[in-house]
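Reviewing the structure listed below.
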Amino acid sequence: MANPAFDDKRGAERMVSDAPPAHYVLRIQSYSLLSKNSVDKYESGVFQAGGYKWKMILYPNGNKSKNVREHVSLYLSMEETSSLPSGWEVRALVRFFLLDQDKDSYLTIQDAMRKEWRFHRMKLECGFDQFLPLKTFNDVQNGYLMDDTCVFGAEVFVTREKSTGKGENLLMIKDAIGQKHAWKVNDFSQLDKEFSESKVFIAGNQKWKIRLYPDGKGSGLGGFVSLYLVLADTNTLPPGTKVFADFSLRIMDQLQGRHFSGKANHWFSASTEESGWARFISHATFYYPNTGTLVKDTCAVEAEVTVLGVVNAL
């Protein structure tokens with residue numbers, strides 16, 4: 001008997017049924033061309049069952065990533081789960097089908113103990129590594145492969161579901177690479193808003209921007225230029241997302257190269273999207289002509305950002 005792909009060694013129950021699969025049928029013509037064209041894995045279209053979305057995943061010559069040989073491997077995968085609440089879990093009774101085209105009946109295969117399969121964010125796929133021996137599948141007397149055509153199927157009956165509990169996954173990034181972004185603030189004396197922002201730039205697969213308060217913010221209000229790094233578009237981030245980054249901000253000395261800079265690290269999120277300095281540089285220093293920070297009414301700003309870790313909710 002075939003062994004399931006999960007940690008259940010009790011095998012598969014095989015029966016014969018006249019009833020076709022209730023939820024999805026996968027008919028494959030010119031089946032032999034899958035192997036001839038090096039199609040080692042085929043994923044079906046998405047179908048709905050029990051209020052969730054699924055697809056079948058077929059390995060015509062066995063799942064090589066699990067060292068399966070001389071067998072067909074077949075799995076069920078849960079799809080489009082990003083919108084499900086934190087801590088979700090779905091349990092389902094799953095039955096696979098293979099049409100005997102000679103007898104017009106179906107070989108059905110399911111867990112030998114009729115045990116529910118458990119799907120959650122860390123395990124989206126279950127099935128059988130050794131669904132059927134290739135010798136059995138290819139033998140025309142069995143009726144499974146006729147005229148180079150076969151028909152698979154699946155039924156999925158959801159029995160339990162829950163979304164209690166919370167969790168998170170922290171990924172620390174090895175050999176993280178920093179990215180620089182330069183921003184020229186022209187017509188500085190004409191800035192009439194509380195703050196100005198650079199264009200969005202990408203660093204560590206995250207979106208960022210620089211935010212400058214010409215008249216200061218918080219403790220720097222009225223006497224300083226305030227400068228911050230901002231995690232952009234936080235309203236589009238999945239709930240629970242946090243980004244840990246090392247960053248440097250600089251206002252460039254355009255005359256002598258003696259730049260004004262600050263360096264820090266911070267956990268950025270939707271609730272703490274910016275980090276920086278309320279008193280980055282005093283107005284007295286910034287507007288002094290020999291400082292080089294404001295030349296021809298232009299201020300040059302630079303950010304360097306290195307993403308060191310990302311947290312996502314489970």
Side-chain angles (χ1 to χ4, degrees), residues 1-28 31 40-44 46-79 81 88-145 150-162:
M1 288 187 184
N3 286 331
F6 47 85
D7 294 330
D8 180 355
K9 304 302 182 185
R10 288 172 292 193
E13 178 183 74
R14 301 166 188 271
M15 301 179 67
V16 175
S17 171
D18 293 330
H23 295 128
Y24 201 73
V25 171
L26 171 61
R27 184 170 184 255
I28 304 176
Y31 185 86
D40 296 326
K41 175 183 178 182
Y42 179 76
E43 299 184 6
S44 77
V46 174
F47 63 94
Q48 289 190 324
Y52 298 94
K53 294 184 179 181
W54 314 85
K55 68 181 177 185
M56 297 170 65
I57 300 177
L58 171 72
Y59 294 82
N61 293 296
N63 186 348
K64 293 181 175 59
S65 68
K66 295 188 176 182
N67 296 318
V68 179
R69 298 177 183 273
E70 302 301 324
H71 282 78
V72 176
S73 299
L74 188 61
Y75 306 93
L76 180 73
S77 174
M78 197 169 181
E79 299 298 308
T81 59
W88 67 268
E89 179 180 304
V90 173
R91 297 192 181 219
L93 291 172
V94 179
R95 182 183 300 150
F96 289 123
F97 291 69
L98 181 59
L99 177 63
D100 179 341
Q101 300 170 67
D102 245 350
K103 299 177 181 177
D104 193 25
S105 62
Y106 290 88
L107 172 69
T108 67
I109 301 179
Q110 65 186 58
D111 180 77
M113 304 301 294
R114 304 200 177 186
K115 181 181 176 182
E116 303 162 325
W117 289 357
R118 178 172 169 255
F119 298 85
H120 51 86
R121 183 167 181 174
M122 305 292 287
K123 188 173 183 61
L124 298 175
E125 184 179 302
C126 290
F128 296 101
D129 296 329
Q130 298 179 339
F131 175 75
L132 199 69
L134 285 175
K135 184 177 180 180
T136 302
F137 179 77
N138 291 324
D139 188 343
V140 69
Q141 293 184 12
N142 292 321
Y144 303 135
L145 186 64
C150 58
V151 180
F152 294 90
E155 288 183 345
V156 186
F157 297 100
V158 173
T159 56
R160 284 187 284 174
E161 50 196 320
K162 69 175 185 178

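Only a predicted model underlies this, so the values are computations on that prediction, with no experimental measurement involved. Only heavy atoms go into these numbers, but all of them, side chains included; no hydrogens, no water, no symmetry mates.
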Query raised in the report: Got a second to check how far Arg160's CZ is from Arg118's CZ, nearest 0.5 Å?
Result: 10.0 Å
Query - Leu145 side chain near Val140 side chain, heavy-atom distance below 4.5 Å - result: no
Requested in this report: Answer yes or no: is there a side-chain heavy-atom contact under 4.5 Å between Asn142 and Thr136?
Outcome: yes
Query raised in the report: With a 6.0 Å cut-off on ring centres, are Tyr42 and Phe152 close enough?
Result: no
Query raised in the report: Quick one: does Trp54's side chain have a donor or acceptor within less than 3.5 Å of a partner on Val156's backbone?
Result: no
Report task. Applying side-chain contact (heavy atoms from CB on, under 4.5 Å), run through Ile109 and Leu98 and close with a yes or a no. Result -> CA-CA 8 Å; Ile109 301 179; Leu98 181 59; over 6 Å; no
Query raised in the report: Would you find more than 12 non-hydrogen atoms of other residues, nucleotides or ligands less than 6.0 Å from Lys64 atom NZ?
Result: yes
Requested in this report: Quick one: closest heavy-atom pair of Gly127 and Phe96, and the distance?
Outcome: CA-CE1, 4.4 Å
Query raised in the report: Could you state the interatomic distance from OG (Ser77) to CE (Met56), rounded to the nearest 0.5 Å?
Result: 12.0 Å
Requested in this report: For Ser73 and Gly62, work out which heavy atoms get closest and say how close.
Outcome: OG-CA, 3.5 Å
**Report entry** Tyr59 side chain near Ile57 side chain, heavy-atom distance below 4.5 Å
**Finding:** yes
Query raised in the report: Can you tell if the side chain of Phe131 reaches within under 4.5 Å of the side chain of Leu58, non-hydrogen atoms only?
Result: no
Report task. Looking only at non-hydrogen atoms, find the nearest pair between Phe119 and Leu76 and report the distance. Result -> CE2-O, 3.8 Å
Query - Any donor-acceptor N or O pair under 3.5 Å, side chains Tyr75, Asp129 - result: yes
Report task. Give a yes or no answer on whether the side chain of Gln130 reaches the backbone of His71 with a donor-acceptor pair at less than 3.5 Å. Result -> no
Query - Check: Tyr144 main-chain N/O paired with Gln101 side-chain donor or acceptor under 3.5 Å - result: yes
Query raised in the report: What orientation do Phe47 and Tyr24 show, parallel under 30°, tilted 30 to 60°, or perpendicular over 60°?
Result: parallel
Query raised in the report: Do Leu132 and Arg14 have side chains that get closer than 4.5 Å, going by heavy atoms?
Result: yes
Query raised in the report: So do the side chains of Glu70 and Lys135 get within less than 4.5 Å of each other, counting heavy atoms only?
Result: no
Query raised in the report: Roughly how far apart are Leu93 CG and Glu155 CD, rounded to 0.5 Å?
Result: 10.5 Å
Query raised in the report: When you measure from the side chain of Ser105 to the backbone N and O of Asp100, does any donor-acceptor pair fall under 3.5 Å?
Result: no
Requested in this report: Would you mind reporting whether Trp88 and Met78 have side-chain heavy atoms less than 4.5 Å apart?
Outcome: yes
**Report entry** Contact check, side chains of Pro20 and Phe97, non-hydrogen atoms, under 4.5 Å
**Finding:** no
Report summary line: One should read off an interatomic distance between Glu79 CD and Leu124 CG, to the nearest 0.5 angstrom, of 7.5 Å
**Report entry** Nearest-0.5 Å distance, CE of residue Met122 to CD of residue Glu89
**Finding:** 13.0 Å
Query raised in the report: To the nearest 0.5 Å, what is the distance between SG (Cys126) and NZ (Lys115)?
Result: 9.5 Å
